[in-house]
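In what follows, every heavy atom counts, from backbone to side chain, and hydrogens, waters and symmetry copies are set aside. Residue numbering restarts at 1 for every chain, and letters A, B, ... go by the order of the sequence lines.
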There are 2 protein chains.
Amino acid sequence: MNIEPNLCRVEDALEIIVGKWKPIILLHLLKNGTMRFSDLKRSIPNITQKMLTKNLRELENEDIIERFVYPQVPPKVEYSITEYGKELEPLLHAMHKWGVKHALHKQQYKFI
Amino acid sequence: MNIEPNLCRVEDALEIIVGKWKPIILLHLLKNGTMRFSDLKRSIPNITQKMLTKNLRELENEDIIERFVYPQVPPKVEYSITEYGKELEPLLHAMHKWGVKHALHKQQYKFI
DNA sequence: TCCAGTAGTATCCTTTTGTATACTATACCA
DNA sequence: TGGTATAGTATACAAAAGGATACTACTGGA
């Protein structure tokens with residue numbers, strides 16, 4: 001039941017979902033299944049191409065998403081969640097739920 | 001059921017548990033209830049005083065932990081999880097569980 | 001002929017995060 | 001009288017994350 005603090009693996013999970021963009025990218029891919037690079041870019045306002053590319057590469061290296069290149073010009077590249085990556089969904093939901101609750105809590109205790 | 005990606009609150013949860021030290025600090029406090037600054041320092045090898053102080057302040061500002069100062073010399077300061085902070089425990093457990101699974105998965109798919 | 005669209009890379013910059021080390025005041029103990 | 005312990009702060013630095021902007025190759029369409 002208890003996690004022995006110095007044997008904790010929370011960081012391993014965090015490394016994958018952490019950052020300003022990874023959760024949003026994952027939620028978009030979970031929602032839509034497969035998306036092109038430009039779909040993601042359009043769906044996520046403010047993200048720069050550099051950040052989108054970087055985060056996609058990192059998720060790919062962890063086997064969370066897959067990248068498929070169509071050999072054509074202009075280029076077409078599709079990204080999708082792997083079966084394994086789908087296992088992150090409950091975690092993202094739990095975090096989202098807690099986040100909603102926390103936003104509310106913050107409002108309340110800040111004005112007491 | 002589905003999170004609308006652009007309304008997602010995952011970041012709100014992440015901001016609180018993210019970083020090299022916060023999960024370990026929280027797990028120690030969840031395990032022991034109350035700890036002095038020096039207890040935490042001793043229990044977390046390699047953390048610097050600056051980082052410990054900084055992270056404790058941030059957790060305090062989010063109402064996750066409480067700080068109690070005994071007016072004596074040499075100083076004595078105790079930290080403990082708030083009731084509200086305890087609600088993070090299931091999330092930490094879920095992340096830990098996923099982290100364990102991921103460490104295993106990594107071993108497997110890297111050698112195929 | 002010129003422009004838009006694709007999926008990036010390259011370069012430079014700022015901000016955040018983390019490390020290393022030295023320093024503080026005061027009391028107790030030998 | 002000098003050392004240890006407590007809970008920090010101050011300073012300087014290194015590394016990582018993120019942002020802004022310009023650039024590429026190639027094609028199809030106006």
Side-chain angles (χ1 to χ4, degrees), chain A residues 5-6 8 10-26 28-29 32 34-62 64-81, chain B residues 5-6 8 10-26 28-29 32 34-62 64-81:
Chain A
N6 289 311
C8 116
V10 175
E11 275 302 314
D12 296 67
L14 281 178
E15 265 174 35
I16 284 154
I17 8 187
V18 147
K20 190 170 175 182
W21 305 114
K22 278 183 191 148
I24 309 179
I25 293 172
L26 288 173
H28 274 290
L29 287 175
N32 300 321
T34 289
M35 292 175 84
R36 293 183 64 171
F37 185 86
S38 50
D39 294 335
L40 283 164
K41 179 94 185 55
R42 260 187 298 273
S43 304
I44 306 174
N46 305 327
I47 198 170
T48 60
Q49 277 183 310
K50 177 187 161 185
M51 278 300 111
L52 183 50
T53 307
K54 193 190 165 217
N55 283 285
L56 289 169
R57 291 288 175 282
E58 288 168 5
L59 291 170
E60 197 193 350
N61 287 336
E62 297 293 336
I64 307 294
I65 65 172
E66 262 169 347
R67 178 170 181 266
F68 186 77
V69 183
Y70 293 82
Q72 64 183 48
V73 167
K76 178 176 174 181
V77 178
E78 279 183 351
Y79 292 93
S80 51
I81 298 268
Chain B
N6 289 312
C8 116
V10 175
E11 274 302 314
D12 297 66
L14 281 178
E15 265 173 35
I16 282 152
I17 8 186
V18 146
K20 192 170 174 183
W21 304 113
K22 276 182 191 148
I24 309 179
I25 293 172
L26 288 172
H28 274 290
L29 287 175
N32 300 318
T34 290
M35 291 175 85
R36 294 183 62 172
F37 184 87
S38 51
D39 294 334
L40 283 164
K41 179 94 185 55
R42 259 187 298 273
S43 305
I44 306 174
N46 304 327
I47 197 172
T48 59
Q49 279 184 309
K50 178 185 162 186
M51 278 301 113
L52 184 51
T53 305
K54 191 189 166 221
N55 283 285
L56 288 170
R57 291 289 175 281
E58 287 169 4
L59 291 170
E60 198 194 347
N61 286 336
E62 297 294 335
I64 307 294
I65 66 172
E66 261 169 346
R67 179 170 180 265
F68 186 76
V69 183
Y70 293 82
Q72 64 183 51
V73 169
K76 177 175 175 181
V77 178
E78 279 184 350
Y79 292 92
S80 51
I81 298 268

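Atoms CG (N55(A)) and C1' (dG19(D)) sit 13 Å apart, rounded to a whole Å. Protein atom CD1 of I47(A) is 11 Å distant from nucleotide atom C1' of dG19(D), rounded to whole Å. Put simply, CG on D39(B) is 13 Å from P on dG8(D), counting in whole angstrom units. Nucleotide dA14(D) holds its P atom 14 Å from the NZ atom of K50(B), rounded to whole Å. As rounded to whole Å, 13 Å separates atom P of dG18(D) from atom CD1 of I44(A). Taking atom CE on M35(A) and atom P on dA7(C), their separation rounds to 11 Å, with Å as the unit. Nucleotide dA27(C) holds its C1' atom 15 Å from the NZ atom of K76(B), rounded to whole Å.
Residue contacts shown for K41(B) are absent, as no nucleic acid heavy atom lies under 4.0 Å away. Counting non-hydrogen atoms under 4.0 angstrom, Y79(A) reaches the backbone sugars and phosphates but no base.
Atom CE of residue M51(B) and atom CD1 of residue I44(B) lie 13.0 Å apart, to the nearest 0.5 angstrom.
When the nearest nucleotides of DNA chain D are assigned to G19(A) and F37(B) by heavy-atom distance, the more 5′-ward of the two goes with F37(B).
When the side-chain nitrogen and oxygen atoms of K20(B) are compared with OP1 and OP2 of dA16(D), none of them lie within a distance under 4.0 Å. Neither OP1 nor OP2 of dT6(C) sits under 4.0 Å from any side-chain N or O of R36(A). Proximity of R67(B) to the phosphate of dG8(D): a side-chain N or O atom is located under 4.0 Å from OP1 or OP2.
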Give every pair of a protein N or O atom and an N or O atom of nucleotides 22-27 of chain D that lie under 3.5 Å apart, one pair per line with the distance.
none

